Amino acid sequence: MTETQSLDIAAMAARIQEETVRAIQRAVKGVGYFTSPAPVMGVTPKDLVRARGPARLYHYRPVEAELYRVPVLVVMATTNRGYILDLAPGQSFIEFLLKRGFDVFMLEWEAPRPDEKNLGLADYALDFIAQAVADVKAATGEPDFSIIGYCAGGMLSCIYAGANPDPGLKNLVVFTTPVDFQQLELFANWSDKRFFDLDRMLESFGNIPPEIIYASFDLLRPAGRIAGQIRLWDNMWNDEFVKSYRMFDRWGVDALALPGGYFRDCVTELFWDNKLLHNTLVLRGQSIDLSRITVPFLHVVAEHDHIVPRGASAPLIGLVGSAEKSELVLKGGHVSIAAGANAVRRMWPAVDKFLASRSV
Amino acid sequence: MAEPANLDPFGLWRDMLGQWERGVNSVANQAMGSDEFSRAVHQITSITLRMQQTVGEVLGKSLQTLNLPTRTDVLALGERIGRIEESLARLEASAAAQQNPQDAAPRPARTRQPPAA
């Protein structure tokens with residue numbers, strides 16, 4: 001027997017021993033997994049400033065004795081709850097901003113009530129954000145503010161800023177924000193006007209149920225859930241993996257219902273006519289022109305985003321009129337870009353660096 | 001000299017899982033991106049929604065006959081409760097705003113400067 005062959009056999013024996021230990025740990029920890037509650041998320045202390053319709057404005061309690069002058073308003077995606085940006089201590093974008101001395105507010109969403117089915121894109125982008133801005137100004141006494149928008153929250157923030165920019169808007173940061181809706185190929189195909197009876201759907205449902213939102217995200221990667229569960233079992237011995245899996249899994253399954261009117265506007269104005277891309281969107285008689293955004297602008301996108309692929313988000317940087325604008329492309333997917341290890345290492349410090357010097 | 005083959009069966013199995021996932025996603029995405037898929041899904045959805053609507057109408061008439069509240073009645077009640085909750089929230093906010101400012105905790109100074117580069 002040669003020396004190499006004996007080394008291989010020794011390595012294989014060690015590998016088998018390692019896998020045997022993991023198999024035992026899987027069995028023991030697997031029982032714990034099914035009997036333990038889901039991790040608690042969104043625990044950073046905060047106060048409710050205003051509840052209006054599906055909109056909730058929260059003010060996170062500052063943790064630093066000295067803050068930057070300009071407060072930050074985070075606008076969440078309409079299909080997700082705010083805790084995706086506040087997963088757990090050490091994995092919370094909100095906690096990071098607070099520790100870096102920012103005064104942080106978050107505009108997040110609840111599921112619309114049945115009688116709120118007629119709320120539309122204009123209510124979200126022009127009304128709720130404007131109200132939140134007024135509340136932030138009142139709470140801080142500062143005329144200026146920055147906005148950070150995540151996914152559809154970024155889209156709403158851009159529409160708000162492209163409608164009639166508030167002179168107090170100092171900086172705009174958006175993550176994974178779609179602007180070319182034809183590039184969301186599967187969503188565009190599923191909402192194809194030749195086949196999609198939008199009126200019947202809205203008449204039947206009123207609001208679009210979260211199950212439809214969840215299923216449509218899941219269908220983008222149909223094998224993802226099965227493969228994910230196999231990987232979960234494979235890594236059941238790894239506490240960090242399991243904790244992370246449970247938190248990110250909640251992102252997928254805890255989708256929010258959307259008001260029928262908002263859904264209708266998104267389908268007809270954005271998917272069918274791609275009006276945001278062509279600067280032809282008009283809401284409440286007000287034209288939305290992204291070139292009106294002239295404040296310092298940062299767009300953070302994910303290289304492997306399967307929900308908002310690069311083709312859908314790439315044109316945004318060219319459409320805004322800011323002299324100071326940049327796009328940061330990071331490895332990662334739609335969720336991990338905001339809350340994964342790469343977010344902690346690269347995205348959060350980049351946002352801090354961008355905002356800090358512009359928030360005094 | 002050629003690299004020795006990776007003979008770790010556990011590693012190979014994990015690689016296979018990744019390849020299977022990518023393959024299934026790719027094939028499924030191609031299928032779901034076709035006109036035929038879109039047409040079929042919407043036909044099924046349309047039939048389901050029509051059935052749901054018909055059943056809803058029949059049930060609504062039955063409940064009315066039995067003098068029981070329909071879904072519309074419950075939704076109307078929900079709407080009224082929602083308005084009451086909003087009024088309460090406004091009253092709470094107004095009461096909080098009238099609190100003596102001296103009771104409030106001191107606000108942090110807004111004088112922070114970015115760290116020197």
Side-chain angles (χ1 to χ4, degrees), chain A residues 4 8 11-12 15-16 18-19 48-53 62 64-71 101-103 113-116 140-142 185-186 189-192 194-197 200-201 203-206 219-224 226-228 230-231 234 306 352-353 355-360, chain B residues 4 7-11 13-14 17-18 20-29 31-35 37-43 45-46 48-50 52-53 56 71-72 74-76 78-83 85-86 89-90 92-93 96-97 105 107-115 117:
Chain A
T4 315
D8 285 344
M12 184 59 73
R15 195 79 184 79
I16 290 171
E18 184 186 36
E19 287 297 332
L48 179 66
V49 177
R50 185 184 293 273
R52 183 173 160 227
E64 292 292 305
E66 192 180 22
L67 303 176
Y68 288 112
R69 183 182 67 80
V70 179
F102 291 97
D103 196 4
R113 295 193 312 256
D115 59 293
E116 290 167 342
T140 60
E142 289 295 333
E185 289 176 7
L186 287 179
N189 188 49
W190 297 338
S191 58
D192 189 326
R194 290 174 298 166
F195 314 121
F196 187 23
D197 193 345
R200 182 176 291 283
M201 188 179 203
E203 194 185 321
S204 303
F205 286 126
L219 270 176
L220 295 174
R221 281 187 175 169
I226 299 168
I230 295 171
R231 283 199 192 95
D234 190 29
H306 71 292
D352 174 38
K353 192 178 168 195
L355 285 181
S357 60
R358 296 173 173 89
S359 298
V360 292
Chain B
L7 295 176
D8 176 4
F10 305 102
W13 178 80
R14 284 168 194 133
L17 177 65
W20 171 82
E21 184 186 5
R22 280 191 294 276
V24 170
N25 285 342
S26 169
V27 170
N29 283 352
M32 288 187 292
S34 66
D35 282 358
F37 179 85
S38 192
R39 187 184 293 118
V41 165
H42 291 308
Q43 275 174 351
T45 311
S46 184
T48 313
L49 291 177
R50 260 180 235 158
Q52 194 178 326
Q53 207 169 359
R71 184 169 186 271
T72 315
V74 176
L75 291 184
E79 186 180 341
R80 291 185 67 179
I81 291 170
R83 284 188 187 148
E85 281 176 345
E86 279 172 7
R90 277 198 296 274
E92 277 177 358
R107 289 181 174 186
R110 310 184 80 87
T111 51
R112 193 180 184 99
Q113 293 295 316

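Only heavy atoms go into these numbers, but all of them, side chains included; no hydrogens, no water, no symmetry mates. Note that this is a predicted model, so its numbers are computed, not measured.
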Considering non-hydrogen atoms only, spot the tightest contact between [X] and [Y] and give its length.
X      : Y      : answer
B:R112 : A:V360 : O-CG1, 3.4 Å
B:S38  : A:W190 : OG-CA, 4.1 Å
A:F195 : B:R39  : CE2-NE, 3.5 Å
A:S357 : B:P114 : CA-CG, 3.8 Å

Identify which part of [X] has an atom lying under 4.5 Å from any heavy atom of chain B, answering side chain, backbone, both or neither.
X      : value
A:S359 : neither
A:L219 : both
A:P222 : both
A:A65  : backbone

For A:E203, all residues meeting side chain to side chain contact (heavy atoms under 4.5 Å, CB included), sequence neighbours excluded: B:Q53
Measure the spacing between [atom1] of [X] and [atom2] of [Y] and express it to the nearest 0.5 Å.
X      : Y      : atom1 : atom2 : result
A:R200 : B:Q52  : CZ    : CD    : 11.0 Å
B:N29  : A:E185 : CG    : CD    : 9.5 Å
A:R221 : B:N25  : CZ    : CG    : 6.5 Å

Run B:E21 and A:R231 through salt bridge (charged side-chain N to carboxylate O under 4.0 Å, His left out) and show every step you take. CA-CA 11 Å; B:E21 184 186 5; A:R231 283 199 192 95; 2.8 Å; yes
Between B:A28, B:A89, B:G82, which has the largest tally of heavy atom pairs under 4.5 Å with chain A? B:G82
Could you check which of B:R110, B:E92, B:R50 has the highest count of heavy-atom pairs closer than 4.5 Å to chain A?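 Most heavy-atom pairs under 4.5 Å with chain A: B:R110.
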With a 3.5 Å distance limit and no angle check, can you tell me whether B:H42 reaches the backbone of A:S191 through a side-chain donor-acceptor pair? no
Over 12 foreign heavy atoms within 6.0 Å of CZ, B:R14: yes
Check whether more than 12 heavy atoms from other residues, nucleotides or ligands sit under 6.0 Å from atom CD of A:E19, and answer yes or no.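 Yes.
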Stepwise side chain to side chain contact (heavy atoms under 4.5 Å, CB included) check, B:W13 with A:I230: CA-CA 11 Å; B:W13 178 80; A:I230 295 171; 3.5 Å; yes
Can you tell which part of B:S34 gets under 4.5 Å to a heavy atom of chain A, answering side chain, backbone, both or neither?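 Contact with chain A: backbone only.
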Criterion side chain to side chain contact (heavy atoms under 4.5 Å, CB included) on B:L49 and A:F205, from CA distance to verdict: CA-CA 9 Å; B:L49 291 177; A:F205 286 126; 3.8 Å; yes
Go through the steps for A:N189 and B:D35 under the test side chain to side chain contact (heavy atoms under 4.5 Å, CB included), then give the verdict. CA-CA 7 Å; A:N189 188 49; B:D35 282 358; 4.0 Å; yes
Most contacts with chain B, counted as non-hydrogen pairs under 4.5 angstrom, among A:K353, A:R194, A:E116: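 Between A:K353, A:R194, A:E116, the count favours A:R194.
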